[in-house]
Amino acid sequence: MTDELNEPLGLNEPLEPRRAPRRRGRTSTIVIAALLGGGALAALAARDPHAGQPVAIARIEIVEPTAPASAPADHASVAEQDKRADEIADIERRSGVKVTRVGGDAAPGALIIRLDEQHTALAPAPDKRLVEKDRHGLLPKIGADGAKPMEVYARPATISARLPAGAPRIALVVGGVGLDARLSASAIDELPGAVTLALAPYGADTEGVATRARERGHEILLQAPMEPYDYPRENPGPHTLLTTRGAGLDDLHWLMSRFSGYIGIVNFLGAQFTADETALMPTLTDIAGRGLLYLDDGTSPRSLVSALAPRVALTAARADAAIEAGASGEAVEKALTQIEALARRNGQAIIVAGALPAAMTRLARFARELERKGIALVPLSALASRVEDKEARAGKWK
């Protein structure tokens, strides 16, 4: 098909046929069952009724047992097996997963349980308190009790006890999720849950992608297309926010209705739109009035978001660095190195990147290595209320 929904956000090539996301790894957060040597292992963890509380994910690796020895095991072999069983039992205790075995058997030597990254359950979406019906669908709103989507749907910022107090923090936002089934599944499954995902408003299953992302612990943003300087030659897609629409909010509300559970808005392109106060001010006012936050991707030095946000009580932030779609591997490495240095100097930093094949593996490795380097990976919501630091200069690497 060549309709505009299959060429969104300025992409010229049609999307690949939608395929079901391929699960990576064998992690289970609910029930783990294995049959080893005729014994049954069942690890049952009921869903925590208090949404938002951390739960543990255990990765199970089955190790093939060695062939039985022809001679009786000596005392050293028995001692080694006992030691291994004690180690496994200790890992199980520290994992927080209650393990019950038929007959009360001890931990088998062939089973290794390794504690994976902490999984954080997010509040269900949509929350009936936080939506209102519009002709386009459900739109976010502040609840009658004062509850805001940016707070209810956010991922808690959990800092590892292994990091020192006051450790620098980095928020990584990966955009363009939802445009390609394979890349979307890769971003959702391979990136740590603390990575914030920005979903495009196009596609046949935007709500499904949003749900899967949140089930994996990612807080999400709506990536709103906005008018660039060379519009319409560079057209971000249907319902792009345009300066020619003035204070009209119909396009914004169409974009907002595409899926639920997001904490805020991030621009896609928009150098022209974000520099026009007449068009931008009503948009920011509406976003603030719905209890959402706003992330400026930092690519336009003429953006007025930072100046206008305080006037409408809008929680906002500006990215300190952006990795462009066509960035080379060397450019990606340079950007990540510089963002680390900036986080150490200022105490925190925000970086945005696209869900692209060339960068995905490197971004996942970067995110998982931060703790070892003494830096905390946190969701965007943990840094979004900050005022732009004069020393932080947004950059983009090509």
Between atom [atom1] of [X] and atom [atom2] of [Y], what is the distance when rounded to the nearest 0.5 Å?
{"X": "Ile142", "Y": "Leu130", "atom1": "CD1", "atom2": "CG", "answer": "9.5 Å"}
{"X": "Ile170", "Y": "Glu340", "atom1": "CD1", "atom2": "CD", "answer": "6.0 Å"}
{"X": "Lys148", "Y": "Ile263", "atom1": "NZ", "atom2": "CD1", "answer": "13.0 Å"}
{"X": "Leu342", "Y": "Arg344", "atom1": "CG", "atom2": "CZ", "answer": "11.5 Å"}
{"X": "Ser160", "Y": "Leu377", "atom1": "OG", "atom2": "CG", "answer": "11.5 Å"}
{"X": "Thr243", "Y": "Leu280", "atom1": "OG1", "atom2": "CG", "answer": "11.0 Å"}

Using a 4.5 Å cut-off on heavy atoms from C-beta on, say whether the side chain of [Y] contacts that of [X].
{"X": "Pro140", "Y": "Met256", "result": "yes"}
{"X": "Glu207", "Y": "Ser260", "result": "yes"}
{"X": "Leu199", "Y": "Phe259", "result": "yes"}
{"X": "Ile220", "Y": "Val209", "result": "no"}
{"X": "Phe366", "Y": "Ile339", "result": "yes"}
{"X": "Asn267", "Y": "Asp296", "result": "yes"}
{"X": "Thr196", "Y": "Leu221", "result": "yes"}
{"X": "Asp205", "Y": "Arg212", "result": "yes"}

Linking I/L/V/M/F/W/Y whenever any side-chain heavy atoms sit under 4.5 Å apart, do [X] and [Y] land together?
{"X": "Leu380", "Y": "Ile159", "result": "yes"}
{"X": "Tyr202", "Y": "Leu183", "result": "no"}
{"X": "Val174", "Y": "Ile375", "result": "yes"}
{"X": "Leu191", "Y": "Leu356", "result": "no"}

Got a donor-acceptor contact below 3.5 angstrom from the [X] side chain to the [Y] backbone?
{"X": "Tyr153", "Y": "Gly264", "value": "no"}
{"X": "Tyr262", "Y": "Ala210", "value": "no"}
{"X": "Asp276", "Y": "Ala279", "value": "yes"}
{"X": "His253", "Y": "Leu139", "value": "no"}
{"X": "Glu219", "Y": "Arg155", "value": "yes"}
{"X": "Thr285", "Y": "Met281", "value": "yes"}
{"X": "Thr206", "Y": "Arg258", "value": "yes"}

Closest heavy-atom contact between [X] and [Y]?
{"X": "Ala335", "Y": "Ile323", "answer": "CB-CG1, 3.8 Å"}
{"X": "Met226", "Y": "Pro236", "answer": "O-CG, 3.6 Å"}
{"X": "Pro124", "Y": "Arg214", "answer": "C-NH1, 4.1 Å"}
{"X": "Ser381", "Y": "Ala154", "answer": "OG-CB, 3.6 Å"}
{"X": "Leu308", "Y": "Leu284", "answer": "CB-CD1, 3.9 Å"}
{"X": "His136", "Y": "Asp250", "answer": "NE2-OD1, 2.9 Å"}

**Request:** Show the numbers, then the answer: is there a side-chain contact (heavy atoms from CB on, under 4.5 Å) between Leu292 and Asp286?
**Result:** CA-CA 9 Å; Leu292 301 169; Asp286 191 73; over 6 Å; no
**Item:** Asp134/Lys141 ion pair, N-O < 4.0 Å
**Value:** no
**Asked** Between His239 and Trp254, what is the ring plane arrangement, given parallel below 30°, perpendicular above 60°, and tilted in between?
**Response**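 Geometry flag for Trp254 against His239: parallel rings.
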**Request:** Assess whether side-chain contact (heavy atoms from CB on, under 4.5 Å) is satisfied between Ile265 and Leu255, documenting all intermediate values.
**Result:** CA-CA 10 Å; Ile265 309 291; Leu255 296 170; over 6 Å; no
**Item:** Tyr229 and Arg302: CA distance, side-chain angles, deciding distance, side-chain contact (heavy atoms from CB on, under 4.5 Å) verdict
**Value:** CA-CA 11 Å; Tyr229 280 126; Arg302 296 181 59 187; 3.0 Å; yes
**Item:** Neighbour count above 12 (heavy atom, 6.0 Å) for Glu330 CD
**Value:**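 Open: at most 12 neighbouring heavy atoms sit under 6.0 Å from CD of Glu330.
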**Message:** Please identify which of these residues, Leu269, Leu242, Asn235, Leu241, meets the side-chain contact (heavy atoms from CB on, under 4.5 Å) condition with Glu227.
**Reply:**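 Testing each of Leu269, Leu242, Asn235, Leu241 against Glu227, the sole residue satisfying side-chain contact (heavy atoms from CB on, under 4.5 Å) is Leu242.
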**Request:** Determine, step by step, whether Ile351 and Leu336 satisfy the side-chain contact (heavy atoms from CB on, under 4.5 Å) criterion, reporting the C-alpha distance in whole Å, the side-chain angles of both residues, the deciding distance to 0.1 Å, and the verdict.
**Result:** CA-CA 8 Å; Ile351 185 169; Leu336 297 179; 3.8 Å; yes
